[in-house]
Visitor: 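Got a structure for you, written out below as structure tokens; questions coming shortly.
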Amino acid sequence: MKKSVIFGALTVAGLAAGAAAAGTLDDVKARGKLNCGVTTGLVGFAAPDANGNWDGFDVGVCRAVAAAVLGDPAAVEFVPTTGKTRFTALASGEIDMLARNTTWTFSRDVDLKFTFVGVNYYDGQGFMVPSELGVSSAKDLDGATVCIQTGTTTELNLADFFRANNISYEPVPIETNAEGQQQYLAGACDVYTTDASGLAATRATFEDPGAHVLLPEIISKEPLGPLVRHGDDNWGDAVRWTLNALITAEELGVTSANIGEMAAGTNNPEVNRLLGSEGSLGEMLGLSADWAKNAIMAGGNYGEIFERNIGESTPIGLARGLNAQWTDGGLIYSPPFR
């Protein structure tokens with residue numbers, strides 16, 4: 001889910017510079033609430049329940065940041081954003097951070113002036129089709145109609161793939177995942193394409209998920225992660241190291257079940273620095289000594305958040321794969337807490 005802004009890069013950059021100047025960390029503390037931009041609704045990643053309570057993998061990052069900065073994982077205002085509005089909302093200061101299946105790219109980092117604080121999900125673009133089509137490869141989709149969110153890198157990747165394979169397609173433009181799901185199920189398009197994780201999450205909501213298949217081709221690199229505005233390094237550090245705390249906690253065996261005991265002190269100096277029983281990492285960030293402990297207690301470590309929301313035991317059923325810890329052959333890795 002990798003959309004472009006609806007106005008020029010220079011305008012976005014100007015908004016970002018102005019919004020960052022005030023100091024977001026101080027603003028969030030004074031406000032007593034984190035404004036976190038999320039998707040309009042993608043089950044497993046960010047979606048409200050019937051009572052309006054948000055949950056999901058990306059929501060877990062927002063709550064961890066709120067817990068680290070404010071000591072309260074519930075002190076979050078979730079702001080739904082579309083692919084077209086998300087960058088405007090961040091640049092203008094409407095939201096403090098964006099945690100919305102957003103791909104880290106050169107132009108978004110350099111030209112649009114956003115800082116990606118890390119990767120919380122390594123993904124790639126895939127394809128979903130009805131099983132009844134009998135298609136087993138994306139290379140067999142010549143002449144297909146494809147539901148695609150316009151103005152996105154998804155759209156560009158799609159064009160590149162079909163051109164490279166000398167096949168044609170007819171785009172069916174959509175703006176949100178909900179619209180794409182509706183159009184796809186109504187038969188307005190033969191194929192739905194977006195990040196593979198998004199396809200798995202969407203399929204899990206179908207009445208008969210088994211009637212739809214994810215094709216084997218992954219046609220792009222999509223490192224997804226939270227982002228903030230350029231020029232606000234104190235705030236970027238707070239968000240970055242909160243994500244790193246969740247990752248490091250899993251690596252070191254710190255869980256929501258044992259964190260109380262481990263916070264009292266262990267024989268592992270990095271655990272002690274992480275949880276604030278020794279050292280002054282919190283003070284360096286302008287946060288309390290137990291900032292990381294609070295972040296981890298909000299929803300567990302990285303692995304716990306993953307498994308609870310999108311893991312193999314959920315209807316979405318995503319394996320860790322590239323998103324396993326580096327010690328297990330994956331790409332999830334945090335710099336050291338020292």
Visitor: Is there side-chain contact between R63 and F78, with at least one heavy-atom pair below 4.5 Å?
Guide: yes

Visitor: Q125 and side-chain hydrogen bond (donor to acceptor under 3.5 Å, both in side chains): which partner among T194, T193, T103, T153?
Guide: T193

Visitor: Are any side-chain N or O atoms of N301 and backbone N or O atoms of G303, one a donor and one an acceptor, separated by less than 3.5 Å?
Guide: yes

Visitor: Apart from V172 itself, what residues make up its hydrophobic cluster, given side-chain heavy atom links below 4.5 Å?
Guide: none

Visitor: Working to the nearest 0.5 angstrom, can you tell me the gap between W241 CH2 and S334 OG?
Guide: 5.0 Å

Visitor: Go through the steps for S256 and E304 under the test side chain to side chain donor-acceptor pair (under 3.5 Å), then give the verdict.
Guide: CA-CA 8 Å; S256 56; E304 290 178 284; 2.7 Å; yes

Visitor: Go through the steps for R163 and D160 under the test salt bridge (charged side-chain N to carboxylate O under 4.0 Å, His left out), then give the verdict.
Guide: CA-CA 5 Å; R163 179 180 177 183; D160 287 349; 5.8 Å; no

Visitor: Do you reckon L141 sits in the same ILVMFWY cluster as I174, going by side-chain contacts under 4.5 Å, direct or chained?
Guide: no

Visitor: Counting the benzene-type ring for Trp, do H230 and F114 have ring centres under 6.0 Å apart?
Guide: no

Visitor: Where the side chain of N165 meets the backbone of F162, is there a donor-acceptor pair that is under 3.5 Å apart?
Guide: no

Visitor: Kindly say whether the aromatic ring centers of Y192 and H212 come within a distance under 6.0 Å.
Guide: no

Visitor: How close do L274 and A292 get, counting heavy atoms only, and between which atoms?
Guide: O-CB, 3.1 Å

Visitor: Testing the basics here: between C36 and A99, what is the closest heavy-atom pair and its distance to 0.1 Å?
Guide: SG-CB, 4.2 Å

Visitor: Go through it in stages, so that I can follow the logic: the residues are M262 and T255, the test is side-chain contact (heavy atoms from CB on, under 4.5 Å), and I'd like the CA-CA distance, side-chain angles, deciding distance and then a yes or no.
Guide: CA-CA 9 Å; M262 297 187 83; T255 70; over 6 Å; no

Visitor: Ignoring hydrogens and geometry, is there a side-chain-to-backbone donor-acceptor pair from D58 to A46 under 3.5 Å?
Guide: no

Visitor: State whether the number of non-hydrogen atoms from other residues, nucleotides or ligands found under 6.0 Å of E283 atom CD is greater than 12.
Guide: no

Visitor: Going by atom types alone, do T85 and T88 pair a side-chain donor with an acceptor below 3.5 Å?
Guide: no

Visitor: For the ring pair F161 and Y169, is the centre-to-centre distance below 6.0 Å?
Guide: no

Visitor: State plainly whether one hydrophobic cluster holds both L158 and L214, where clusters connect Ile, Leu, Val, Met, Phe, Trp and Tyr through side-chain heavy atoms under 4.5 angstrom apart.
Guide: no

Visitor: So does T24 get a backbone contact from the side chain of D232, meaning a donor-acceptor N/O pair under 3.5 Å?
Guide: yes

Visitor: Do Q149 and E155 touch side chain to side chain, with heavy atoms closer than 4.5 Å?
Guide: no

Visitor: Between R320 and E250, is a salt bridge (charged side-chain N to carboxylate O under 4.0 Å, His left out) present by the stated rule, with each step listed?
Guide: CA-CA 13 Å; R320 288 292 292 267; E250 182 185 21; 2.9 Å; yes

Visitor: For residues 293-300, please give each side-chain donor-acceptor pair under 3.5 Å, one per line with the distance, not counting sequence neighbours.
Guide:
residue	atom	partner	partner atom	Å
N294	ND2	D290	O	3.3
N294	ND2	D290	OD1	3.4

Visitor: Any side-chain heavy atom of E77 within less than 4.5 Å of one from L34?
Guide: no

Visitor: Donor-acceptor pair, T145 side chain versus D190 backbone, under 3.5 Å?
Guide: yes

Visitor: Supply the atom-to-atom distance E278 CD to L275 CG, rounded to the nearest 0.5 angstrom.
Guide: 10.5 Å

Visitor: Are L285 and W291 packed together at the side-chain level, in the sense that at least one heavy-atom pair is separated by less than 4.5 angstrom?
Guide: yes

Visitor: Would you say L224 and T102 make side-chain contact, with heavy atoms under 4.5 Å?
Guide: no

Visitor: Which pair of non-hydrogen atoms, one from V38 and one from R100, has the smallest distance, and what is that distance?
Guide: C-CG, 3.5 Å

Visitor: Are F127 and L133 linked, directly or through intermediate hydrophobic residues, by side-chain heavy-atom contacts shorter than 4.5 Å (ILVMFWY only)?
Guide: yes

Visitor: Are the side chains of I332 and Y122 in contact, using a 4.5 Å heavy-atom criterion?
Guide: yes

Visitor: Please report the closest heavy-atom contact between N177 and T202, naming both atoms and the distance.
Guide: OD1-OG1, 3.0 Å

Visitor: With side-chain contact (heavy atoms from CB on, under 4.5 Å) as the test, would you mind laying out the steps for V129 and L215 before giving the verdict?
Guide: CA-CA 8 Å; V129 299; L215 299 180; 4.0 Å; yes

Visitor: In sequence, state the C-alpha distance, the side-chain angles, and the governing distance for V254 and V271, and then conclude on side-chain contact (heavy atoms from CB on, under 4.5 Å).
Guide: CA-CA 8 Å; V254 179; V271 170; 4.2 Å; yes

Visitor: For S137 and E217, does a side-chain donor sit closer than 3.5 Å to a side-chain acceptor?
Guide: yes

Visitor: Could you tell me the separation between the CD atom of E175 and the OG1 atom of T40, rounded to the nearest 0.5 Å?
Guide: 9.0 Å

Visitor: May I ask you to test the I310-F45 pair for a side-chain heavy-atom distance under 4.5 Å?
Guide: yes

Visitor: Return yes if some donor-acceptor pair links the side-chain N/O of T39 with the main-chain N/O of L42 below 3.5 Å, else return no.
Guide: no

Visitor: So, T248 side chain and A245 main chain: donor-acceptor pair closer than 3.5 Å or not?
Guide: no

Visitor: Look up atom CG in N166 and atom CG in D142, then write down how far apart they are to the nearest 0.5 Å.
Guide: 8.0 Å

Visitor: Passes salt bridge (charged side-chain N to carboxylate O under 4.0 Å, His left out), R31 versus D96? Steps please.
Guide: CA-CA 11 Å; R31 189 191 308 131; D96 305 309; 2.7 Å; yes

Visitor: CD1 of I316 to CG of N309: how many Å apart, nearest 0.5 Å?
Guide: 7.5 Å

Visitor: Tell me, with the steps shown, if R108 and K113 meet side-chain contact (heavy atoms from CB on, under 4.5 Å).
Guide: CA-CA 6 Å; R108 291 169 180 176; K113 307 300 182 187; over 6 Å; no

Visitor: Where the side chain of S220 meets the backbone of E222, is there a donor-acceptor pair that is under 3.5 Å apart?
Guide: no

Visitor: In terms of hydrophobic clusters joined by side-chain contacts under 4.5 Å, are F106 and V228 together?
Guide: no

Visitor: What pair of heavy atoms forms the shortest contact from L70 to K29, and how long is it?
Guide: CD2-CA, 3.8 Å

Visitor: Determine whether a donor-acceptor pair (N or O, by modelled atom type, separation under 3.5 Å) exists between the side chain of R273 and the backbone of F337.
Guide: yes

Visitor: State the NZ-CD1 distance between K221 and I219, to the nearest 0.5 angstrom.
Guide: 14.0 Å

Visitor: Considering only heavy atoms from C-beta outward, does the side chain of R229 approach that of L90 to under 4.5 Å?
Guide: yes

Visitor: Quick one: closest heavy-atom pair of C189 and Y184, and the distance?
Guide: SG-CA, 3.6 Å

Visitor: Report the relative orientation of the aromatic rings in Y121 and F306; use parallel for angles under 30°, tilted for 30 to 60°, perpendicular for over 60°.
Guide: parallel

Visitor: Please answer: with hydrophobic residues joined when any side-chain heavy atoms are less than 4.5 Å apart, are Y333 and L331 in the same cluster?
Guide: no

Visitor: Determine whether a donor-acceptor pair (N or O, by modelled atom type, separation under 3.5 Å) exists between the side chain of D195 and the backbone of D123.
Guide: no

